[in-house]
Amino acid sequence: MAVWDKKIPWSFMLFLAGVAGVGVNYPPPVCAVEGSTVTLPCTFTPLKSFNQSEKQVPMRIVRVRWCVNHEICHGTTPTVYDSSSTMPNPRYRYLGDMKGNCTLQIRDIQMKDDETFRFRMEADNKKGHFTGVSGVRVTGKSFTC
């Protein structure tokens, strides 16, 4: 019997369709000269809704974060940028938004920036939280790349 002949609940199909599109698109690895400014172009696709009691409930992104060398980037993980922070680090500037652009600018590249940076989106429901685990590798060099 073919798959399309089976009766699969629509709520499950909607769930699969919603999850399949969630993700983060990072640039290729970046090589930056110490003291320079680099921009990490990034896009993300959040989960738009979730199924609750057989009803689709819309979801919105309420917090975005950039972490260094942490695969999940959640909880108390140190961040270089956190939209909920009242004291952001001036070297890291978020050029993105809460809808699909997660671009990060790093000013005055230092050797300590020679790391993997990861983006995390957090929604108004934990089902929409997502971290792009592949991240983008930034390599800092003293002279040239």
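Here, residue 1 is the first one in the sequence, and each next residue gets the next number.
- Using a 4.5 Å heavy-atom cutoff, the side chains of F117 and V80 are in contact.
- Contact between F44 and M98 at its shortest, heavy atoms only, is CZ-C, 3.7 Å.
- No continuous path of hydrophobic side-chain contacts links L95 to I61 [ILVMFWY only; heavy atoms under 4.5 Å].
- Under 3.5 Å, the side chains of Y94 and N101 contain no donor-acceptor pair of N or O atoms.
- A donor-acceptor contact shorter than 3.5 Å is absent between the side chain of R63 and the backbone of S84.
- Within the 3.5 Å criterion, the main-chain N or O of P41 finds no donor-acceptor partner in the side chain of Y26.
- Checking side-chain atoms of W66 against main-chain N and O of T103 turns up no donor-acceptor pair under 3.5 Å.
- Rounding to the nearest 0.5 angstrom, the gap separating the OG1 atom in T39 from the CD atom in Q105 is 4.5 Å.
- Listed for the N51 side chain is a donor-acceptor partner under 3.5 Å among the backbone atoms of E54.
- For the salt bridge (Lys or Arg N to Asp or Glu O under 4.0 Å) test, residues two or more places apart in sequence or in another chain that qualify with R65 are D82, E122.
- Under the 4.5 Å side-chain heavy-atom criterion for ILVMFWY residues, no single connected hydrophobic cluster contains both M121 and V62.
- Every side chain to side chain contact (heavy atoms under 4.5 Å, CB included) that N25 has, sequence neighbours left out, goes to T43.
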Decide yes or no on side-chain contact (heavy atoms from CB on, under 4.5 Å) for C42 and L104, but give the supporting numbers first. CA-CA 8 Å; C42 173; L104 180 72; over 6 Å; no
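- Residues V38 and A32 approach most closely at CG1-CB, 3.4 Å, considering heavy atoms.
- The shortest distance between side-chain heavy atoms of Q110 and R91 falls below 4.5 Å.
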Between T131 and F119, does the side-chain contact (heavy atoms from CB on, under 4.5 Å) criterion hold? Intermediate values first, please. CA-CA 6 Å; T131 302; F119 174 78; over 6 Å; no
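- Sequence neighbours left out, not one pair with a member in residues 92-102 passes salt bridge (charged side-chain N to carboxylate O under 4.0 Å, His left out).
- Of the possible donor and acceptor atoms, none in the side chain of S49 sits under 3.5 Å from a partner among the backbone N and O of M59.
- The distance from the CD1 atom of I72 to the CZ atom of R118 is 10.0 Å, given to the nearest 0.5 Å.
- The closest side-chain heavy-atom distance from T37 to I109 is not below 4.5 Å.
- With hydrogens and angles disregarded, a donor-acceptor distance shorter than 3.5 Å links the side chain of H129 to the backbone of A123.
- Taking each heavy atom of D108 and D113 in turn, the nearest pair found is O-OD2, 4.2 Å.
- Of all heavy-atom pairs between C67 and T77, the closest is SG-CG2, 3.9 Å.
- Between T116 and V68, the closest side-chain pair of non-hydrogen atoms is not below 4.5 Å.
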Yes or no on side-chain contact (heavy atoms from CB on, under 4.5 Å) for V64 and Y81, after CA distance, side-chain angles and deciding distance? CA-CA 8 Å; V64 293; Y81 176 80; 4.0 Å; yes
Pair D114-R137, side-chain contact (heavy atoms from CB on, under 4.5 Å): steps then yes or no: CA-CA 8 Å; D114 192 343; R137 176 80 177 146; 2.8 Å; yes
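- The closest donor-acceptor contact from the side chain of D124 to the backbone of R60 lies under 3.5 Å.
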